[in-house]
Amino acid sequence: MKKFISKMLVGVTAMSLLVGCGSDATKTETTQATDAESGNVKIDKLTIGFVPSREPDEIVTATEPLKELLTNELAGLGYDIGEVDITVGTSFEAVGEGLSAGTIDVGLIPGGTYVLYDDGCDVLLTATRDGLSIDSDSAKDWNDNKPTEATSEQVTYYRALIIAGPSEAGQAVAEKVNNGEELTWEDLDGLNWSVMNSSSPAGYIYPSLWLQDNYGKHITDLSHTALSDNYGTAFSRLASGQVDVLVTYADARRDNEDKWTSEYGRSASIWDETNVIGVTDGIYNDTISVSKSSPIMDDAFKAALSQAFINIGNTDAGKEVIAIYSHNGYVEANSEDYDSERKAQELIMSLQ
């Protein structure tokens, strides 16, 4: 699949160019003078791609301060960035494809997306995030102890939840779970599901593994699924009764609590109207990955980028920006950290 995508994208021109890269003959006198004066390598443009796990406009607005933060950090690490361009992909795959093609230099992508496109990108960092007050593999525990709250403990994994909404069918399966009854495949197959695209760990991959482990089935075996472009859309559909259940990261209800009543038309709290009916195994956190095809990505710049993002994650201003993805900081990562994701992807591919 990845090779096919790569072939399809041959000829796409990389948008970010490193000024001063290449032989001395290609450098202009102005660039040489500027480099000599500042002592920094000059990069005209750095393109950062975000996946649409939230409303795209919300992501763009929240991450606007990242441009200045990153520019300032990199300046102190030896790189003068002319422009930081932040984009939100139309899908998770679009960001992976952009990294493979070199039209995106840096991608904040889930582990599942990274392993799908790891022939075209390198992982630099893993996000850490605040732990949650509930971390049980029992759906009933999440319902008995809601609302879910953040804790100060930093973790490098999260879970996916299958959440039933206020529709009659959603409430019926939630009642069974809260009564301690086992759900049957027929119970689940009779529901309308909201799912994300196939590279989304919480919105597709791990829920599929949950179905496989518990019922010997897969998302593609469900009779009624609707593809949502982001989790905001999924919660809107859940609130309106268009779908009975959705799959999402734990606990996305915290991010949609206000919208549940202000935008999605409900009068009761999201905690009163939704219940967890399934909990997956832990999912290794999101990555900051860089393109192997980008002409600006040498080892020195990758090291500087890693340090810059780590530094940003250690500041209050930086934490406020990266909170859009529930990130709280970053630690260095290795490709091997995501071997469990590769196994998950292999299983998913074998079932399709």
Side-chain angles (χ1 to χ4, degrees), residues 52-55 58 132-134 136-149 158-197 200-208 210-211 214-215 217 219-280 283 326:
S53 58
R54 302 280 287 272
E55 294 286 353
E58 186 180 357
L132 296 174
S133 57
I134 310 168
S136 171
D137 57 8
S138 164
K140 189 174 185 299
D141 286 346
W142 289 79
N143 301 332
D144 289 344
N145 294 289
K146 62 183 179 180
T148 309
E149 298 177 350
Y158 63 103
R159 297 180 185 271
L161 301 178
I162 302 166
I163 297 175
S167 70
E168 183 177 349
Q171 292 292 300
V173 292
E175 184 177 1
K176 288 189 68 172
V177 168
N178 290 334
N179 287 338
E181 301 176 45
E182 294 288 336
L183 296 180
T184 67
W185 169 249
E186 288 71 26
D187 290 330
L188 298 175
D189 193 41
L191 301 172
N192 292 314
W193 290 63
S194 168
V195 301
M196 301 294 282
N197 60 62
S200 171
Y204 191 96
I205 297 169
Y206 277 75
S208 289
W210 181 82
L211 288 172
N214 289 282
Y215 302 97
K217 300 290 185 177
I219 279 179
T220 56
D221 293 318
L222 292 167
S223 298
H224 311 285
T225 60
L227 180 65
S228 293
D229 55 354
N230 60 66
Y231 289 120
T233 300
F235 274 96
S236 176
R237 289 172 170 172
L238 191 71
S240 69
Q242 294 178 56
V243 298
D244 305 309
V245 295
L246 58 74
V247 289
T248 188
Y249 59 90
D251 193 330
R253 290 175 294 181
R254 298 179 64 246
D255 296 326
N256 290 274
E257 183 174 4
D258 292 339
K259 290 182 179 179
W260 189 257
T261 52
S262 65
E263 295 183 24
Y264 302 156
R266 305 301 303 181
S267 56
S269 163
I270 194 172
W271 303 106
D272 293 332
E273 294 200 300
T274 65
N275 287 276
V276 176
I277 64 168
V279 185
T280 74
I283 307 168
S326 301

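From a predicted model like this one, the values you see are computed outputs, not experimental measurements. Just the heavy atoms: all of them, side chains too, but no hydrogens, waters or symmetry mates, feed the values below.
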Taking all non-hydrogen atoms of both residues into account, name the closest pair between [X] and [Y] and its distance.
{"X": "T280", "Y": "P207", "result": "CG2-N, 4.0 Å"}
{"X": "D141", "Y": "S136", "result": "OD2-OG, 2.7 Å"}
{"X": "N197", "Y": "L227", "result": "N-CD1, 3.4 Å"}
{"X": "K140", "Y": "N178", "result": "CE-O, 3.0 Å"}
{"X": "Y215", "Y": "L183", "result": "OH-O, 2.9 Å"}
{"X": "N143", "Y": "V276", "result": "OD1-N, 2.7 Å"}

Heavy-atom donor-acceptor pair, [X] side chain to [Y] backbone, under 3.5 Å:
{"X": "N179", "Y": "E181", "result": "no"}
{"X": "S228", "Y": "N230", "result": "no"}
{"X": "Y264", "Y": "G232", "result": "yes"}
{"X": "S208", "Y": "Y204", "result": "yes"}
{"X": "R266", "Y": "A239", "result": "yes"}

Could you tell me whether the side chains of [X] and [Y] share a donor-acceptor contact shorter than 3.5 Å?
{"X": "N256", "Y": "Y231", "answer": "no"}
{"X": "K146", "Y": "N275", "answer": "yes"}
{"X": "T148", "Y": "S133", "answer": "no"}
{"X": "S262", "Y": "D258", "answer": "no"}

Distance check, rounded to the nearest 0.5 Å: [X] atom [atom1] versus [Y] atom [atom2]?
{"X": "I163", "Y": "D251", "atom1": "CD1", "atom2": "CG", "value": "5.5 Å"}
{"X": "S326", "Y": "Y249", "atom1": "OG", "atom2": "OH", "value": "5.0 Å"}
{"X": "T233", "Y": "Q242", "atom1": "OG1", "atom2": "CD", "value": "10.0 Å"}
{"X": "E182", "Y": "D187", "atom1": "CD", "atom2": "CG", "value": "10.5 Å"}

Is there a side-chain contact (heavy atoms from CB on, under 4.5 Å) between L238 and T274 once you walk through the steps? CA-CA 9 Å; L238 191 71; T274 65; 4.2 Å; yes
Give the C-alpha distance, both sets of side-chain angles, the deciding distance and a yes or no for side-chain contact (heavy atoms from CB on, under 4.5 Å) between I277 and K176. CA-CA 9 Å; I277 64 168; K176 288 189 68 172; over 6 Å; no
Between K259 and E58, does any NZ, NE, NH1 or NH2 come within less than 4.0 Å of an OD or OE carboxylate oxygen? yes
Could you go through W210 and V279, starting from their C-alpha distance and side-chain angles, then the distance that decides it, and tell me whether this counts as side-chain contact (heavy atoms from CB on, under 4.5 Å)? CA-CA 8 Å; W210 181 82; V279 185; 5.7 Å; no
Under the side-chain hydrogen bond (donor to acceptor under 3.5 Å, both in side chains) rule, collect the residues that match up with S267, sequence neighbours excluded.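 Result, side-chain hydrogen bond (donor to acceptor under 3.5 Å, both in side chains) vs S267: none returned.
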Provide the full list of side-chain hydrogen bond (donor to acceptor under 3.5 Å, both in side chains) pairs with a residue in residues 160-172, sequence neighbours left out, each pair given once.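 Only S167-D244 qualify under side-chain hydrogen bond (donor to acceptor under 3.5 Å, both in side chains).
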Contacts of W193 meeting ring pair (Phe, Tyr, Trp, His ring centres under 6.0 Å) (sequence neighbours excluded), chain-then-number -> none
With side-chain contact (heavy atoms from CB on, under 4.5 Å) as the criterion, how do R237 and L246 come out once you've worked through the C-alpha distance, each side chain's angles and the decisive distance to 0.1 Å? CA-CA 9 Å; R237 289 172 170 172; L246 58 74; over 6 Å; no
Less than 4.5 Å apart, side chain to side chain, heavy atoms only: is that true for [X] and [Y]?
{"X": "W142", "Y": "D137", "value": "no"}
{"X": "I270", "Y": "F235", "value": "yes"}
{"X": "T225", "Y": "V243", "value": "no"}

